[in-house]
Structure formats: C-alpha cells, structure tokens
Amino acid sequence: MFLSSTRLQLTILLWTTAGQIVVKNGHRSRHAFSTRLNLWRSASTSSPEAITPKLDSITIKRKWRERCQAESPAVAKSTWGPGTGLKLDMKDRPKFYVLSMFPYPSGTLHMGHLRVYTISDVLARFYRMRGFDVLHPMGWDAFGLPAENAAIDRGIDPTEWTKNNIARMKEQLRSIGTEFDWDKEFATCSTAFYKHTQRIFLMLYERGLAYQSEALVNYDPVDRTVLANEQVDANGFSWRSGAKVEQIQLRQWFFRITAYQDELLKDLDSLVNGWPERVLSMQKNWLGKSTGAKILFSVIAADQPDQIIDVEVFSTRPDTLYGVEYLALSLDHPVVLTAAKKDESLRKFLDEASSFPPDSKAGYRLSNLHATHPLQHIDKESPHLSRELPIFAAPYVLSGCGKGAVMGVPGHDSRDFAFYKLNMRPNFISMVITPEPALGSTSDEKGVVGADDAKPFTGEGFLTSRCWKYWGLSSQEAAKQIVSDLKRVGRGDYAETWRLRDWLISRQRHWGTPIPIIHCKSCGPVPVPTDQLPVTLPKVDAHWLKGKKGNPLECSEEWLYTKCPNCGGPAKRDTDTMDTFVDSSWYYLRFLDPTNEDLPFSPAVARPVDVYIGGVEHAILHLLYARFIYKFLAETELFPENVSTHLAEAPEPFRTLLSQGMVHGKTHSEPSTGRFLLPSEVDVTDPNNPLIKGTQITPNISFEKMSKSKHNGVDPTSCVLKYGADATRAHILFAAPVGEVLEWDEAKIVGIQRWFSRLRKVVLETRQRLSDASFALPADSLGSAHVPSVFPLDTQLSDIDADAILSTHKIICYVTQCIEDNPYGLNSVISDLMKLTNALSSSLPKSPVILYSCVSALLRLLSPIAPALASELWEVLHQEILSNTELQNFSGNPSIFSVPWPTPLLTDSEAKTLSARGCQTTAVQVNGKLRFTVTIPRLLSNSEKPASASDTLPRNHAEHDAVTEAEHDWIISQILKTEKGQLWLTKRNDWRKRRRVVVVKGGKLVNVVF
Ligand SMILES: [Zn+2]
C-alpha cells in the first residue's frame, strides 16, 4: 500500500510546519498559530482539491493528540477537588461528573473498553463545550485473581505485572482519542488508596456492619480459594480453574448489606428516570423481597414421641398448605445435623451432596423422623391431614434461606413435583387448587390425580373440596384466612423474606486489600488503630518464585505475628483480603479527592456521579454494592450533614446509568462441520462474498461474543491504526444504539470514511467561498455560542439559505437534546450529522454568514465524536477568516474545544416565520408510477419531534436521506390533506389497504405500494 503523491504532499506540507514549530518553541503559542496561518494562506492559493484530496485520518489524529498532550488545553482541566487553584472563568461553572467503569488492568484493551470509553469521552467533551466544569477521570481496578495467578505462573511480583499492564493500557487508551483527567488517576492496589478501603472497613466494623461468621462456602481446591456463587458454573465447577467446587465451613468476613435492604429496594424508585428499566428490575430481583407466611411444623422422632421439635418454614403460597406432602431441610439444618450423628449413610450423603449442582433433585429421607400437618390444630375433620409427613435432607434447599426449611407441595410447584416423584414414587398427587372455581363439585370428590398423569398447577386459583372450610375460596382469600387461623393457634404468621444475603467479602488470597484486624487470644478480634493504617501487603517474592499455592499471607511470618493494639500481647494479623468489589464500591468517591491522605475524601466534595457508563454485566453486584456503601457513607461523618438529615433525594451514587451492550465479533464457520474458521482461512477480497480458502465454499457468518475459540476477536488498537481513532469512534457509536449488542463489522467503517471525506469537501469549499467573499468574523463572535448576526429572515433570503438555516437549526436541537436527554440514542446523532453534511454538500448556502454559521455549527456538533478531524477542519475553516478578522479580538486558543457548543440558530418565532415561507415539493409514486407532485409545509419546530429520541431508534443507517418517524408521519399527513393526495390515495386506492409507504430523499419522494 502506498500513498498517492498528492496525499503525501499534503502530509508534508501540513505537518512539517507544525513539527517545526513544536521543535523550535517546545510548545505552541498564539504567535505560532498565526505563523502557521500565514504558511497556510500561501498554501491555499491553489485549489483546495489539489491540496487535500483525501483524508489522512491517522496523521490528523497524531497531530491533534500531540498538540493536546503538549498544551493540555485549559478547557480540558477541571477544577474538581479541594485545593485546586480555581480559575476565574471555571469556578462559576456548574460541575458535572462523567464516569466510565474503571477497567481491570489486564494489559489489553478490548472492543468493550473501546465502546464504553468512546461513549464517556463523547459525553465529557459535550458537557465541557456546554459550559460545565466536567470531571472525567480514569483509574484501575487493580486487585484480583489474574495478577496473582500471573505471579504464581511466572514467579513475578503482582505489583510489577499490574504496573506494566497499566502503562500499556494507558497508552492504548490515549491512542483511541480519549481525554481523561489523568491527574486524578489511581490504582486500587496502591497503599494510598487501600489505606482508605481499610478505613471504610473499620467504619463498618465499628457500627456492627462488618462481622465474622461460619459459613458454607464454595471452595476451589485447585486455586485454594473461596469463590463467590457467580464464580461457580451451573454444574458446580470453578469459573477459573475448572475444578469441582467443594462446600466447606469456614470463618468468613461479611458486610451486613441486609441492614440496608429496605432502602436498597425503596430507593430504586428514585432512579426510574435515570436508570434502564432492565437494570432496575435486575436489582429488584436480586434483592428478592417476597411476602408470605412462616408456618411451624412439628417434627417428631418415632422413638421419642413426646419430644416435639418445631421447624419453621417460609412459604409464599400458604393457600397450598393442604397439598403438603413432605418437608425438605437444608444440608446444614440443625435437625439434619443432629440426625447425622446417629446415621452413617446420612453422613455419607451429606459429604457427597455438598458438590451436587444447585438444581439437583437428590434427597435423603430422614429415617425415624416425621412431621405433622400444622392445620391439624384447626381442622379436626379432614382425615388426610393426620398423615405423617416424611422429612428429607435436600441440597436444593438453601441454607439460611427462610431458615433452611421448605414445605413440599408436589401438586402446585414444579420443583417439589419432580423431587417428590423421584424420592417417593407416589401413586397419586393431591391437587388442592384449580384454575376455576369447581362448580358443582361434591364433597366426595377425591381431588387427587394419578402420578403419571399429573402436572403441577403453579398458578393461583380456587381451593378444592380437599380444603375443608376453605373450599371454594380464592388463593388470596384462603391464604389470608389460613394464616390468621394459624396465627390464632400459635402455628404461623405473616412474614417476608429477601433473597439478598449478607456480602461475603473475605478471600484467602494475597492480591487484595488486607483486612485491618488483629486477632488476640485474650481480646479477640481488635481493629488496627487508624494511625497504623495502611496494613500493607508484605513482599512475598520467594513465594511466587517457588510457585506455591494457597494464601501467601499465612506464610509471611514477620508480617503475620504482631502485637495486640489493645493489650500489647502476642497476636496474629487477619490473613484474608477483601473482595475487589469492596474497592469498586467506593472508588468513584475517591476521584473527587484523590490525594487526600487523612480521609477517603473530604465531606466538602462528596456527591454522586452524574452519568455512569458501563457494561450490563455489572448490572447487579457492582451496582448493588456501590449503592450500599454509598448509603452507608452518607450516614457517616464523611458526608456533609445535610445529606443524611434533610435529604432532597435518596442517597444514590449514580444519577444516570448508561448500560452499554456487548460487542459481538463477526464469526465465520464451516457450514458442514460448524468448525470456527481462523481469519487466515477466509478470503475476504470481496467483503460481500467471503469464501473459505481452498474449498471456495461460502462460510456461515454470525455475530457472537468475542472469544479466542471462535477466532472472532478484534484488537481495537490495530483497528485505530488502520482507520484512525475518529472513524473507529464514529463507527462504534453509529453501528448500534448504546444499550444494544454491537455487531462489529469492520467493512462498514468505509461508510464513515466516505462521510468524513464529504465533510472535508464541504469545509474546503466553504473556505474557498468565504475567502472569495473576504468574509470576516464579527468581533468576539468566535467564542460566543453562535454567530450573532441577524439573519435576513425576510423574503430576500434564498431558498437554499433558508433550507440550510432550517436544517442546521433542527440538527442542533436534535443532537443537543439527544445527548442530554437520551444518550442511548447516540447512534442517531451520527445519522443526524450525516444528514446535515449531505444537505450542505448538495447545496452550499449563498450568504457567507449563513454558510459560516452552518458549517461552524456542524463541526462543533461533530467535535465530541471525532475530536481530531473536527479540530483539523476547524483550523482549515478559520485560516482565511481569522486573517481577515482582526486577530487581537480573540483571546485564548481558538481551538474548537474552546468555543461553546452551538445553540439553536433561530428563536421559535423565527423558525415559524422561516418555515411558513418555505414549502417543499414532494413527488408521489403509486405502485412505482409517478402520479402527482404536491407542495407541503416543512416540518420544523422542535416540538414536532417526538419527546423521546428512542421512538426513532434504531434507524436505517444506510439511508442517509432517511427521515425520522416523526418527519415521515408529518409528510404523509400533509400529503393526505391535499386534493391530489385524497384523489390518489383514498379515492382511487384504499389508503387503509396500503402495503408499504417509503419516504426517501428527505421527503422529496414518496412511494406508496397498495
Ligand atoms: Zn489483646
């Protein structure tokens, strides 16, 4: 591949100039800028096409990136954090906090990163241009298993491994054109950060919200560590080592998140407008509040009939109580553990069952024990209540959940049905609820169904004749009466349960925040005094070198043995480290005050994040833990008093949540075998018709989650190298709405590149026209929101100029509203900008001031998305203009990011005036034949656009002249109002029977198919 000579010429011409300045002055100054302008002017004497026929996006990107780094423009600096010297023009700006979920420093940026950081960068740049004092920081979620495994595998210190990875990823992040507040950067593995993580742990401990308890935990015997439930797959294997996970009892640290369950549920209501519905309902399900009844069953041993034990079960369906056939207890239920003492085969079962999958239907019937039906105390008439109910130890019953006991109702619960059939092999299943009231049933109806024919009925309905006085009642009414009857005899009550469990935070691992507790034989657990924090991780190089497994903290004797802070006696440090979710539960607050040594952050700066962006895979745990810790901290001295006392809003850490979808890769496979093909096996010379090399067979193409085994991964940095950061960014935004899966198809970037070329052509032509007209900017208007010239909005205005103002005005309104109110629709911003580019390129406005205003607005609207290209074209546009204008009128750097975001070009009444004067002509085809043309008014005012841009999503991206749904409806409604429209569409044809209506060319052509 070689450059065309003209392109080469451009590159040299442009960038040796800039390069010389950089070398001479070390940094660019205003003087340097005007020097370059002169050089530019001499260059622009030839025709624009001759100079810049093509877009060298890579060079442009490099130029602007270097310039940005050399200057670090004042606009990019935020004033966040105490002690920052406030700049006069910044301190009055409203603050705005944009944050993307910080990455784990794996060392490689992947497409998911590229997507999330592109989105956050666009938002940060947009809000800066809108006049906000924006915080857009970046840091590293740097603790965790991979670094430790790398240390074990390669015998290196995890600190080194992490540091190197951070350096690599930081460079990659810069290469994709993102602009972060790097002066706020930190890694959670630095002592300066985890000192405060330990402090927050101790604050929780002091308030009884961090505690130790024995718990059944998932233990990975290969990695020798405890795993969270989500790290165990459905078959009970470790996500990482692949080992069969064991259940063992271990003393563990927990955070009492359940103390906040009511707020965590209730405050979801305050997020309705800022969070996706899907995430809210995932949070709600995870909290899992359910209301029902607790019911006491009597358990009796055959050999000791007078010793009765009460076992409490929780049920959300007390209306099915007549259908109970057995009790099932968790493996660690006290009744089970007691029975196991005398029953060897039960002990064997318990050993084996601990590794059964969670959906196992296995059970062990406790010999010698049975339960009695609690309704016996009320209903003395139904003979079937007097049966002895068998009792099972069953792995499907979760310990701690509803006291680890459930009542088995095979007729009305699918799982109970399967369990009962397997373990009891019954002949009949009793049915106590029917979907409809059983009309005409008689009391001799059996209400049982043969087990082979039975199917559980799990819905609510009406009680059958097996249910004594409750017969015929609805499920809800029966539940109410049964529970209050049980309550009267002391055998039950209303109750609620939560699915949420306390948060198990300890890990038997080295690479995490050490738990700041010292264990003393005489004093018990003692917190490390605050002035002795941080408890730092010991260097355990020898451990890594020997490749030992297990927790190295237990073998670091010098570190392990210490003095009790309380009595001074010999004591041992806690050897557990914290779950990395603890770090990420508060890191967003640290960015507000990243160098504070005394406190995690100063109360003066405490505040929530305005827009938080991250993958939907973190929709549950990370967000839930962060919400919990934020609520906790809001009640402490770390928050200003007003937050906890008179809350205007619920304490929530993330006001708006942008949950972006995954990036799927183009996957090729062999049609006959389904084998995934390597990129080298596919011939993509013709991107529309790929062929398997050798066989020349067309492969199957699908889009799937990127993975090594599918050979469908894409390296974002190589993509950026190939197409430039701007085109890659624009493509990533354009290819799918933010919340949906993005099917990454590199071949489609060419569409973006074509758009960029068209745009460049528009700018070059504009420069030429403005130069020919000796256009000069009115004083000080570069820095104002838009050129404040009074448009000649009278009849003198040409149609082309009127069209240009109207469409630019409309797009300014759409784009601004979309980024501000519905960032999920960022893809529509790109299509709006393409539309405006096309409109301007098909006919440039005649009036220089209108031409300048339209093109200048378009570039500013583009700048957050394609910062280097917009900067470049901005400079190109202003070459002539600034030299025609008295330069001294401009203070500061005339970079595109130092000028404000464009505001609407027209007032509402101006817009109405303009739209009234202009009508558009539309040609209407019926079944492919041109039938008539009509003149209809323009759709103009913003109020005519649908309130939510999501209504118009997803759009047909290929169709640059595509109209929005609102425009489509407007055009059709206007055509139907005309005489010709009525003749052709309602009289000669039946409008109601139309099969397809296509509006193309921005409404200039409408095709109706009947
Ligand atoms: Zn002590």
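This chain uses plain numbering: 1 for the first residue, then up along the sequence. We count ligands from 1, going down the list as the structure has it; atoms in each ligand are counted the same way.
Lys294 forms no cation-pi arrangement with Phe314, by the criterion of a distance under 6.0 Å to the ring centre and an angle within 45° of the ring axis.
Judged as a salt bridge (Lys or Arg N to Asp or Glu O under 4.0 Å), and not counting sequence neighbours, Glu263 has no contacts.
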N/O donor to acceptor pairs below 3.5 angstrom from side-chain atoms of residues 190-202, sequence neighbours left out:
unit_1: Ser190; atom_1: OG; unit_2: Ala187; atom_2: O; d: 2.9
unit_1: Ser190; atom_1: OG; unit_2: Phe193; atom_2: N; d: 3.4
unit_1: Tyr194; atom_1: OH; unit_2: Leu537; atom_2: N; d: 3.0
unit_1: Lys195; atom_1: NZ; unit_2: Glu597; atom_2: O; d: 2.9
unit_1: His196; atom_1: NE2; unit_2: Arg590; atom_2: NH1; d: 3.4
unit_1: His196; atom_1: NE2; unit_2: Asn596; atom_2: O; d: 3.1
unit_1: Thr197; atom_1: OG1; unit_2: Trp586; atom_2: NE1; d: 3.2
unit_1: Gln198; atom_1: OE1; unit_2: Val535; atom_2: N; d: 2.9
unit_1: Gln198; atom_1: NE2; unit_2: Pro514; atom_2: O; d: 2.9
unit_1: Gln198; atom_1: NE2; unit_2: Val535; atom_2: O; d: 2.9

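Sorted by first and then second residue, the pairs that involve residues 158-170 and meet salt bridge (Lys or Arg N to Asp or Glu O under 4.0 Å), not counting sequence neighbours, are Lys170-Glu185.
Here the rule is side-chain hydrogen bond (donor to acceptor under 3.5 Å, both in side chains) with Arg507, and of Thr577, Thr580, Asp579 only Asp579 fits it.
For the Zn ion (ligand 1), the set of protein N/O/S atoms nearer than 2.8 Å consists of Cys520 SG, Cys523 SG, Cys564 SG, Cys567 SG, ordered by chain and number.
Between Glu344 and Lys348 there is no salt bridge, since no side-chain N of the basic residue sits under 4.0 Å from a carboxylate O of the acidic one.
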